[in-house]
Amino acid sequence: MDRDLYTECAAELAASPDLVASLLTEHRATSDGWCRSHNVHPERHPCSIRRLAELAAGHECDPAVPA
């Protein structure tokens, strides 16, 4: 994957593993497939923040492809 602004942001986020772990914990799926941490503007899981945290944690994911 080319290093674009999204992957650059993930690389910066990776420098804060506690924050990455917190984002992964908070942005989990509900039983009906929504992200738990979006109360005002609901997002389907995995949300963009979850995908960013997964990328920062070194998980294989492509932000352009829905999971």
Side-chain angles (χ1 to χ4, degrees):
M1 177 186 313
D2 291 334
R3 292 192 56 106
D4 57 13
L5 291 176
Y6 192 84
T7 54
E8 290 293 333
C9 184
E12 291 295 321
L13 183 59
S16 301
D18 291 342
L19 178 56
V20 172
S22 178
L23 291 172
L24 291 172
T25 299
E26 295 299 318
H27 291 266
R28 294 173 293 138
T30 62
S31 61
D32 56 350
W34 294 91
C35 182
R36 295 184 186 282
S37 292
H38 298 272
N39 298 325
V40 176
H41 298 8
E43 282 191 51
R44 297 297 290 174
H45 188 271
C47 68
S48 57
I49 295 172
R50 173 71 188 211
R51 289 176 181 268
L52 184 66
E54 288 176 350
L55 191 58
H59 296 274
E60 287 293 320
C61 68
D62 183 346
V65 178

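Note that the numbering runs from 1 along the sequence shown for the chain. Fair warning: this is a prediction, and the values are worked out from it, not measured in the lab.
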At what distance, to the nearest 0.5 angstrom, does [atom1] of [X] lie from [atom2] of [Y]?
{"X": "Arg51", "Y": "His45", "atom1": "CZ", "atom2": "NE2", "value": "9.0 Å"}
{"X": "Thr7", "Y": "Leu13", "atom1": "OG1", "atom2": "CG", "value": "12.5 Å"}
{"X": "Glu43", "Y": "Ile49", "atom1": "CD", "atom2": "CD1", "value": "6.5 Å"}
{"X": "Arg28", "Y": "Ser37", "atom1": "CZ", "atom2": "OG", "value": "8.0 Å"}

Examine His27 together with His38 and report whether their ring centres are nearer than 6.0 Å. yes

Could you report the tightest heavy-atom contact between Ala56 and Val20, atom names first, then the distance? CB-CG2, 3.8 Å

Would Arg50 and Cys47 satisfy side chain to side chain contact (heavy atoms under 4.5 Å, CB included), going step by step from the backbone distance to the final call? CA-CA 5 Å; Arg50 173 71 188 211; Cys47 68; 3.8 Å; yes

For Arg44, all residues meeting side-chain contact (heavy atoms from CB on, under 4.5 Å), sequence neighbours excluded: Trp34

Sequence neighbours excluded, the answer for side chain to side chain donor-acceptor pair (under 3.5 Å) partners of Asp18 is none

Partner residues of Thr30 under the side chain to side chain donor-acceptor pair (under 3.5 Å) criterion, sequence neighbours left out: Asp32

Does any non-hydrogen side-chain atom of Leu52 lie less than 4.5 Å from one of Leu23? no

